[in-house]
Every structure is written in structure tokens, then in C-alpha cells.
Amino acid sequence: MRIAMFGAPGTGKGTQAEKLVGTFSVPQISTGDLLRAAVAEGSELGRKAKAAMDAGELVADEVVIEMIRERLAQPDAQDGFILDGFPRSIKQAESLDVMLERLEQPLEQVIHLEVEDEEIVQRLLSRGRDDDSEEVIRNRLQVFSNQTQPLINYYEDQGKLVSVDGTGDMQAIYDRIVKALDR
Ligand code: B4P
């Protein structure tokens with residue numbers, strides 16, 4: 001299984017990717033988690049990423065693409081993966097396509113999780129991570145609409161897009177995703 005999940009912040013990408021890992025036994029590769037780990041370590045990459053993350057901006061494409069290139073080369077990613085929160089821009093999507101073509105392992109499907117903005121704001125305010133202030137959340141929503149939403153057409157053109165309603169019970173959302181993947 002080689003899939004990617006994208007959606008606005010707080011649509012539940014991480015939550016659902018974690019559940020999928022339990023069923024399909026492939027690693028979850030979350031750029032958000034990798035970046036937070038780099039920030040916690042205080043590495044050079046972490047220092048570069050922190051300001052963008054705190055402001056709700058995307059971390060530079062070059063930084064994130066290199067991080068994914070290294071992660072996909074690890075042994076546990078050779079038989080499949082669930083990309084969570086990557087790609088988030090057309091440039092990231094194009095680089096990923098090139099990377100996976102070279103490995104002769106193209107993405108199979110791309111899940112787009114959909115949730116209304118106001119519900120997202122409520123979810124993230126109650127999560128309360130450092131970058132979950134209302135101002136930063138609203139900026140992340142704007143960034144999503146400007147930079148990530150174009151992926152909808154990009155993957156639709158490739159015939160890989162699966163849009164899933166991300167509202168309601170977490171198990172019900174999970175069942176919708178699995179059903180969509182079956183097709
Ligand atoms: P991420 O870590 O990807 O953060 P996210 O979008 O907020 O999380 P997600 O959608 O996974 O939501 P979750 O399941 O946790 O990114 C953080 C930052 O890193 C970005 O802003 C950016 O700066 C940087 N970054 C990451 N990837 C990048 C990239 N590719 N390029 C550049 N920069 C990048 O769910 C959120 C909350 O909702 C949780 O509390 C959860 O319990 C709750 N929830 C989930 N499902 C629910 C449901 N059905 N009902 C009610 N609540 C639910």
C-alpha cells in the first residue's frame with residue numbers, strides 16, 4: 001500500500017493514519033511529527049523549521065522534500081507507506097512523483113479529508129498544541145487554501161484522488177476511508 005493523506009490542519013490526518021497503520025502494517029510517515037522531533041532535538045533542520053511552524057506557515061519545500069527522501073529510503077518503507085501531511089504543495093507533489101517513479105513505486109491513491117473550517121478551529125483549540133492558537137490556526141487554514149488545495153486538481157487529473165468526509169465519529173471516518181481504498 002502506497003498512499004498519501006492530505007487535508008486542512010486538524011482534519012484528522014494523523015488520527016486516521018495511525019489507525020490505518022494498525023490494519024495495513026505499513027509505516028505512517030508524518031512530516032509534522034518528523035519536524036516536531038527535529039525541533040525537539042534542536043538540530044539545524046529543527047531550527048530552520050521552528051519559526052515557520054510557530055507562525056502556521058509551511059516549512060520550505062526543499063527542507064521537507066529532503067526529509068522525505070531520507071525517510072523513504074529507510075528499510076521499513078520499502079513495502080509501502082502512509083504519507084501523513086505530505087505533500088502540501090504542488091512542488092512537493094511533483095518531487096514526490098519523481099522520487100517514486102525512480103523507485104518504480106508510484107503512489108496508488110491520495111485521500112483528501114474534508115472538514116468545515118469552524119469545526120477545525122474548535123478541534124484544534126481543544127487539542128491545544130503550541131501552534132494551536134486561534135490566530136495561527138486561521139493562518140494555517142489560509143495557507144492550506146492557497147498552497148495545498150491545488151493538490152485536489154493535481155491528483156484528480158492523475159485519477160488518484162479520493163475525497164472523504166472527515167466529520168463525525170472517528171471509527172465511521174476510518175470505515176469510509178477503508179471502503180474508498182477498496183475501490
Ligand atoms: P501537522 O502535524 O501535519 O498538523 P495538523 O495538520 O494540525 O494535524 P492533523 O490533520 O494530522 O490533525 P490530527 O489528526 O492531529 O503539521 C504541523 C505543521 O508542520 C504545519 O503547520 C507546518 O508548519 C509543518 N508541516 C508539516 N508538514 C509539512 C509539509 N509537508 N510541508 C511544509 N510544512 C509542513 O487531529 C487534530 C485534532 O482533532 C486532534 O486533537 C484529534 O483528536 C481531533 N480529531 C481528529 N478526528 C476527529 C473527529 N472525527 N472528531 C473530532 N475531533 C477529531
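Just so it is clear, the model here is predicted, and its values are computed rather than measured. For ligands, and for the atoms within them, numbers begin at 1 and follow the listed sequence.
With a 4.0 Å heavy-atom cut-off, ligand 1 is reached by no atom of Thr167. At a heavy-atom cutoff of 4.0 Å, ligand 1 is contacted by no atom of Asp61, backbone or side chain. In Val64, the part holding a heavy atom less than 4.0 Å from any atom of ligand 1 is the side chain. At a 4.0 Å heavy-atom cut-off, ligand 1 touches Arg36 through the side chain alone.
Shortest contact from atom 41 (C) of ligand 1 to any protein heavy atom: Thr15 OG1, 3.9 Å.
When only interatomic distances are considered, the shortest N/O to N/O separation between Gly10 and ligand 1 falls below 3.5 Å. Polar contact with ligand 1: present for Lys13 (N/O pair, distance under 3.5 Å). Checked against a 3.5 angstrom limit, the closest N/O atoms of Phe86 and ligand 1 fall outside it. The shortest N or O to N or O distance between Gly14 and ligand 1 is below 3.5 Å. Geometrically, ligand 1 and Gly85 share a nitrogen or oxygen pair separated by less than 3.5 Å. Checked against a 3.5 angstrom limit, the closest N/O atoms of Asp33 and ligand 1 fall outside it.
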Please table the atom pairs, donor to acceptor, closer than 3.5 Å between any side-chain atom in residues 79-87 and protein atoms at least two apart or in another chain.
unit_1, atom_1, unit_2, atom_2, d
Asp84, OD2, Gln28, NE2, 2.9

Would you give me the side-chain donor-acceptor pairs under 3.5 Å for residues 57-66, sequence neighbours excluded?
unit_1, atom_1, unit_2, atom_2, d
Glu57, OE2, Asn139, ND2, 2.9
Asp61, OD1, Ser89, OG, 3.0
Asp61, OD1, Gln92, NE2, 3.0
Glu62, OE2, Lys91, NZ, 2.8
Glu66, OE1, Arg69, NE, 3.2

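In this structure, Glu57 has a heavy atom closer than 4.0 Å to ligand 1. For Ser30, the heavy-atom gap to ligand 1 stays at 4.0 angstrom or more.
The residue among Arg88, Arg140, Met170 with a heavy atom at the shortest distance from atom 1 (P) of ligand 1 is Arg88.
Every atom of ligand 1 with a heavy atom of Arg127 under 4.0 Å away is listed here by number and element: 7 (O), 8 (O), 12 (O), 13 (P), 15 (O), 36 (C), 39 (C), 40 (O). Taking every heavy atom of Leu35 and a limit of under 4.0 angstrom, the matching atoms of ligand 1 come to 24 (C), 25 (N), 26 (C), 34 (C).
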Show your working on side chain to side chain contact (heavy atoms under 4.5 Å, CB included) between Phe144 and Arg88 and close with a plain yes or no.
CA-CA 8 Å; Phe144 173 78; Arg88 256 176 160 97; over 6 Å; no
